[in-house]
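Every chain is numbered from 1, with letters handed out A, B, ... down the list of sequences. Nothing here was measured: the structure is a model prediction, and the numbers come from that model.
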2 protein chains.
Amino acid sequence: MNHKTKPLPSKLHLSPLARRSLAGDAVTRIRRAIIEGELAAEDALTEDQLAAKLGVSRVPVREALIELEQEGLVEFDARGRSRVRAFTEDDFEEVFSMRYSLEVMAARVVAKRLTQDDVQDLEAMICQQAATKDLTELSLLDVAFHDRIIQAARHRPLAVCWETIRSQIEVWLARAHRAQSKMKLSSIELTVPGHRRLLADLRSGNERKAENAMRLEMATWREWLPA
Amino acid sequence: MNHKTKPLPSKLHLSPLARRSLAGDAVTRIRRAIIEGELAAEDALTEDQLAAKLGVSRVPVREALIELEQEGLVEFDARGRSRVRAFTEDDFEEVFSMRYSLEVMAARVVAKRLTQDDVQDLEAMICQQAATKDLTELSLLDVAFHDRIIQAARHRPLAVCWETIRSQIEVWLARAHRAQSKMKLSSIELTVPGHRRLLADLRSGNERKAENAMRLEMATWREWLPA
DNA sequence: GGTTCGTTTATTGTATACAGTGCGCGTACC
DNA sequence: GGTACGCGCACTGTATACAATAAACGAACC
């Protein structure tokens, strides 16, 4: 033991060192702008213009664009120019089929690893969902619920893969809401019992059961799809 | 039609516009160094030092490190310092379980989309494998084979997910070879017929058949694993 | 002697400056 | 009128310079 400074109240847990960098903020803000539709498909993302709008230099913007490319929100052409990616309905089909595979895998993994904390969190989230009457809010809670399941899997490559499609799912959701899509009101009544059943099967510890429950959950989502 | 320049020999297909940038080269070279073990686990990746070694400035290096983080080869600590990620055996277990899910999905997708070109390429690759007597070379050809299958799926999110684990697979392979691992010579005799069977089932157009063939292929790989 | 405080140093984060490049537009020439 | 050439503009790619911060070391004080 080299340094023996005073032991510092052990309960006190400070903010988790959020690596606050302009580049990180830029990622968040540009991502949000794309999801909200503030930046439209095919819009040219000129580094100078973005930098000016964000009040920073081009460097953080460049780094942000690289990350957003990985999330599938931004595209670079052969000359290095970036633009907001234009999603076709087929693109979303692909994203959701990817989601299907990832979540089924997550269910399988989670079945063996679910902790008491996970269960408590998930139950609390279901209660929150039950209290909601707004479809937009519900869909956000739903994504958060699935986020939490992925987190519960404690499986790094899975989490990384999930992050490559998460934003695209949000793009679709936001777009669907703006378009007053066909998401039915009945969804509210379906979501909560669906999640309860899913959680029950995840808790069973039975991988097959968990997988199948997730397949069912994904199938109900499937109906909300564009085409 | 705005400009009507002369029609330029249609067969002539130039190099695919490889976006040659120092940043891109840096990604390639640092990745290679990590895979080959030239940069060892936990090694600090100082931007200045890397820049000096590569003969460029820090900017391309920074951008390269961001990309390599997404490939799982590089880690950043809370203060922004990067280092070569240290893989545990559990990490590799996770990577290969992820690979399993992705490839099974790929098989399912490919079953419906395989073209004549795909088949020709894959067959040619199998022949190449059959001609090889070197285990290291064979494992590279094997990865290339699976790469080609992913490509044949023509499924963007799948390809992106695959790229998040591909380098890590290569790390494991290179490490295993350096350690004179338990990869058996019999692998050579097993690989080629295995791939032939797999290709046959991918061509069948039957999703279930294709999935199961891939599960089998993955299971044989499984034996080469560390633990 | 050990602890604490300043100073130095190493390294990242950000800004700015500069170089290179393709594209559009105008112009001249046929 | 159309085609080819050349110039300028709008961007990106890269380098360099500067600011900020935390670790490392050392010195002074108890």
Review point. Roughly how many Å is it from CZ in Arg79(A) to C1' in dC9(D), rounded to a whole number?
Key: 12 Å
Check your understanding: Any idea how His146(A) and His195(A) line up, ring-wise: parallel (<30°), tilted (30 to 60°), or perpendicular (>60°)?
Key -> perpendicular
Exercise for review: Can you figure out which of dC11(D), dT14(C), dT11(C) approaches the side chain of Arg81(A) most closely?
Suggested key: dC11(D)
Exercise for review: Look at the side chain of Ser21(A) and decide which nucleotide, out of dG13(C), dA23(D), dT11(C), has an atom nearest to it.
Suggested key: dG13(C)
Exercise for review: Kindly indicate whether the side chain of Arg58(A) and the base of dG13(D) share any N or O donor-acceptor pair separated by less than 3.5 Å?
Suggested key: yes
Practice item. Take Arg166(A) and Asp147(A), measure what salt bridge (Lys or Arg N to Asp or Glu O under 4.0 Å) needs, and give me the verdict at the end. Key: CA-CA 9 Å; Arg166(A) 192 196 190 291; Asp147(A) 257 335; 2.3 Å; yes
Exercise for review: For Phe76(A) and dG13(D), give me the distance from atom CZ to atom C1', rounded to whole Å.
Suggested key: 12 Å
Revision key, fill the gap. note: Asp77(B), atom CG; dG13(C), atom C1'; distance rounded to Å ~ 14 Å
Practice item. In whole angstrom, give the distance that lies between atom CD of Glu47(B) and atom C1' of dT16(D). Key: 14 Å
Practice item. Please tell me which of the listed nucleotides, dT16(C), dG13(D), dA15(D), lies nearest to the side chain of Val56(B)? Key: dA15(D)
Check your understanding: When the distance from CG of Leu22(A) to P of dA20(D) is rounded to whole Å, what number comes out?
Key -> 12 Å
Check your understanding: Which nucleotide in the list dT12(D), dT14(D), dA15(C) gets nearest to the side chain of Val59(A)?
Key -> dA15(C)
Point to revise | Touch class at under 4.0 angstrom, heavy-atom based, for Leu45(B) against every strand present | key: sugar-phosphate
Exercise for review: Any chance you could lay out the salt bridge (Lys or Arg N to Asp or Glu O under 4.0 Å) test for Asp48(A) and Lys53(A), step after step, and finish with the verdict?
Suggested key: CA-CA 9 Å; Asp48(A) 271 331; Lys53(A) 277 203 199 291; over 6 Å; no
Study note, to complete from the structure: From the candidates dA23(D), dT12(D), dG13(C), the one with an atom nearest any side-chain atom of Arg62(B) is dG13(C)
Review point. So, for Trp172(A) and Phe96(A), is the gap between ring centers shorter than 6.0 Å?
Key: yes
Check your understanding: With a 4.5 Å limit on heavy-atom distance, are the side chains of Arg154(A) and Thr115(A) in contact?
Key -> yes
Check your understanding: Please give, in whole Å, the distance from dG13(C) P to Leu54(A) CG?
Key -> 18 Å
Check your understanding: CG of Asp25(A) versus C1' of dT14(C): gap in Å, rounded?
Key -> 13 Å
